[in-house]
Visitor: 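Quick one: the structure is below, and I'll ask about it shortly.
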Amino acid sequence: MWIDYLVWTVQNLLFPVVVPVVLLTGVILAVWIERRGAGFIQDRVGPNRVTLFGFRNAGLMQPIADALKLLVKEEFIPEKADRFLFFLAPTLSMIPALLTFMVIPFGDVLVLGKYRIPLQVADLNVGLLFIFAISSLGVYGIVLGGWSADNKYSILGGLRSSAQMISYEISMGLAIIGILIVFESVRLNDIVRMQGDLLFGFLPRWGIVVQPLGFLLFFVAALAETNRIPFDLPEAEAEIVAGYHLEYSSFKFSMFFMAEYVNMMVASGFIVSLFLGGWQIPWLPTEALVAHVGPILTAVLQVAAFAVKLWFIMWVFVWVRWTLPRFRYDQLMGLGWRVMLPLALANIFVTSVVPFVLGVY
Amino acid sequence: MIKIKPVSPPEGKRYPISERIYLVEIFKGMGLTLKHLVRNLVTYPTKNRTVVTIQYPDETREYSPRFRGRHRLKKNPDGSLRCVACKLCAENCPSHCIFIEPAAYPDPSMGNYPKRYEINITRCIFCGFCVEACPKGAIEMTEVSEMAGSTRAVFDKDFLLADGEEPAR
Ligand code: SF4
Ligand code: SF4
């Protein structure tokens, strides 16, 4: 039947194309939020002059103008650069960023008659592990980019980033274990669905409610993983000029630039799915919504709820960036190994013991 | 009011625990930035904005009346040039950017006038010495600060006389 093919097409061809496109378009919004937000936080206005068809549109077109500018800029490749790796590095940082988002559910399974369309690109039963496996690949792009450029600052940036990623990936992974203990699944859609339950009859059982410390640790680790201030030591303009992408120009630079923002969106999506109830609208479980407004509108509302939460976390990233100064390198390592790691372990311990003490099991 | 906190703790003491774990202070800092953001956003559409940006081509900074901008040559009420081509301004100019070619009026009682009076504005440092040197008060400086151009401009007599209006050439 043709409708079978249609459903198959939507699931296997449309989503894998649309989701990356939406993500890359989201970079525009992210850059806009970043720059205008920074402006208003610092008592400035921020870029607001680029017009589209004669309309100012509050500077929303500025990132597009920047991207076009970068596209037509001169492409500079250092003489002694390892050309193959130099070309490979931006791609290597972009692709894992896009891939990780594939397992994040942006809506509950859409049930239309006999068809079940999961609103995510790949409904992996190891979703959480997949994200960890792929997102750690992103560091290769940074390390190789720093190394291949044959520049002392670049290689410092690359080295810093690898050390930082390894340190914070551990805390990140351990912070997640609490969530795994609570929700007993690594399939992201299951985790999100379970966050629709109510605790004590009124509190949504979101990850942030049952795992507040886990949320804090994960959020800090996510800042570090996405190289955002206060953990942007791989870039650190003031110390190592621009770090790993110092020698990059033109389109390759914009690849790194976009990868950073896509990574932020992935991290936000991940935080939202694990700790903020994903696509859940508080107090409105899918069944109730479907019964009242029908399946299509339910899906739309849930995607909207997911988007709102995601952009809220993105905004918090921006907000943190324009509030805090950058760490010194030893402080960064000290925080990662001496504070976050013990706290994450303690969090696992408490999460495992408390249910027994309370007699939940 | 800005409250200033000492950056190091009192002698022999450590910071209180609330500051050593940073989190409280971080949230305070984020509260501060949020306060700025909200205040700036709320007042942005209104008259009394709190953002300090002067959005240049739309708004300009107010200059003092003593601002030393582009020069202009003044005329007498009858329309003749005030300048008598004495070259005192050129002599005083520290960057030697004034060029004057004097010429005599046909009527000897009227003295000289500048046949060419050119200011090489790309060399001018806007010190105003030319204005101070002039015995006739023939040259003064306007508040015009926008002199960007795509060529190296030498402002000639017509241009300086026209009070900055670009004469049709
Ligand atoms: S302002 Fe100063 S530098 Fe400029 S023309 Fe007059 S004397 Fe020369
Ligand atoms: S502008 Fe004044 S100082 Fe200069 S030549 Fe004319 S009269 Fe003399």
Side-chain angles (χ1 to χ4, degrees), chain A residues 32-51 54 56 58-59 62 212-221 223-224 228-231 312-328 331-332 334-336 338-340 342-343 346-347, chain B residues 1-63 144-150:
Chain A
W32 181 73
I33 290 180
E34 173 112 271
R35 298 189 62 183
R36 295 305 305 267
F40 280 108
I41 282 176
Q42 298 174 339
D43 293 353
R44 310 183 272 116
V45 170
N48 64 348
R49 310 204 78 84
V50 178
T51 56
R56 275 279 178 81
Q62 179 75 38
L213 183 59
F215 170 74
L216 195 68
L217 291 174
F218 190 84
F219 187 80
V220 174
L223 282 177
R228 294 286 294 178
I229 283 180
F231 301 99
F312 174 72
I313 294 292
M314 289 291 281
W315 160 244
V316 176
F317 276 153
V318 170
W319 183 11
V320 167
R321 170 168 181 184
W322 299 103
T323 305
L324 299 180
R326 183 182 301 129
F327 276 103
R328 213 169 58 209
Q331 291 171 333
L332 172 96
L335 179 72
R338 295 216 305 261
V339 180
M340 304 249 308
L343 275 180
N347 186 41
Chain B
M1 253 323 276
I2 301 168
K3 274 181 289 168
I4 296 174
K5 257 197 219 170
V7 287
S8 52
E11 201 70 40
K13 281 191 188 152
R14 301 183 71 184
Y15 282 121
I17 185 82
S18 63
E19 285 182 32
R20 254 183 293 148
I21 60 167
Y22 289 117
L23 270 181
V24 182
E25 297 292 308
I26 285 176
F27 285 126
K28 272 193 211 163
M30 290 182 61
L32 182 74
T33 41
L34 188 68
K35 205 172 77 189
H36 274 254
L37 177 100
V38 170
R39 190 193 63 191
N40 292 335
L41 270 183
V42 166
T43 58
Y44 189 62
T46 63
K47 270 268 180 300
N48 36 8
R49 291 183 179 174
T50 46
V51 289
V52 295
T53 311
I54 296 168
Q55 303 198 38
Y56 166 59
D58 305 343
E59 309 158 12
T60 42
R61 194 181 285 276
E62 276 210 8
Y63 292 121
V144 180
S145 61
E146 293 156 0
M147 279 165 278
S150 50

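Computed over heavy atoms, backbone and side chain alike; hydrogens, waters and symmetry mates excluded. Each chain gets a letter, A, B and so on, in the order its sequence line appears, and its residues count up from 1.
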Visitor: Heavy-atom cut-off 4.5 Å, strictly under: side chain, backbone, both or neither for A:Leu324 against chain B?
Guide: side chain

Visitor: Under a 3.5 Å threshold, yes or no: a donor from one side chain and an acceptor from the other, between B:Thr33 and A:Trp319?
Guide: yes

Visitor: B:Leu23 and A:Leu216: side chain to side chain contact (heavy atoms under 4.5 Å, CB included), yes or no, with the steps?
Guide: CA-CA 10 Å; B:Leu23 270 181; A:Leu216 195 68; 3.4 Å; yes

Visitor: Can you tell me how far the CZ atom of A:Arg36 sits from the CG atom of B:Leu41, to the nearest 0.5 Å?
Guide: 8.5 Å

Visitor: To the nearest 0.5 Å, tell me how far A:Thr323 OG1 sits from B:Phe27 CZ.
Guide: 11.0 Å

Visitor: Step through the shown structure and confirm whether more than 12 heavy atoms of other residues, nucleotides or ligands are within 6.0 Å of CD on B:Glu62.
Guide: no

Visitor: Counting only heavy atoms not in B:Tyr44 (residues, nucleotides, ligands), do more than 12 fall under 6.0 Å from its OH?
Guide: yes

Visitor: Please flag which part of B:Arg49 lies under 4.5 Å from any non-hydrogen atom of chain A: side chain, backbone, both or neither.
Guide: neither

Visitor: Start with the C-alpha gap between B:Val52 and A:Arg44, add the side-chain angles, then the distance that decides, and say whether side chain to side chain contact (heavy atoms under 4.5 Å, CB included) holds.
Guide: CA-CA 6 Å; B:Val52 295; A:Arg44 310 183 272 116; 5.5 Å; no

Visitor: Would B:Gln55 and A:Arg49 satisfy side chain to side chain contact (heavy atoms under 4.5 Å, CB included), going step by step from the backbone distance to the final call?
Guide: CA-CA 10 Å; B:Gln55 303 198 38; A:Arg49 310 204 78 84; 3.6 Å; yes

Visitor: Report the distance from atom NE2 of B:His36 to atom CD1 of A:Ile41, rounding to the nearest 0.5 Å.
Guide: 10.0 Å

Visitor: Within a strict 4.5 Å, meaning less than it, do heavy atoms of the B:Thr50 and A:Asp43 side chains meet?
Guide: no

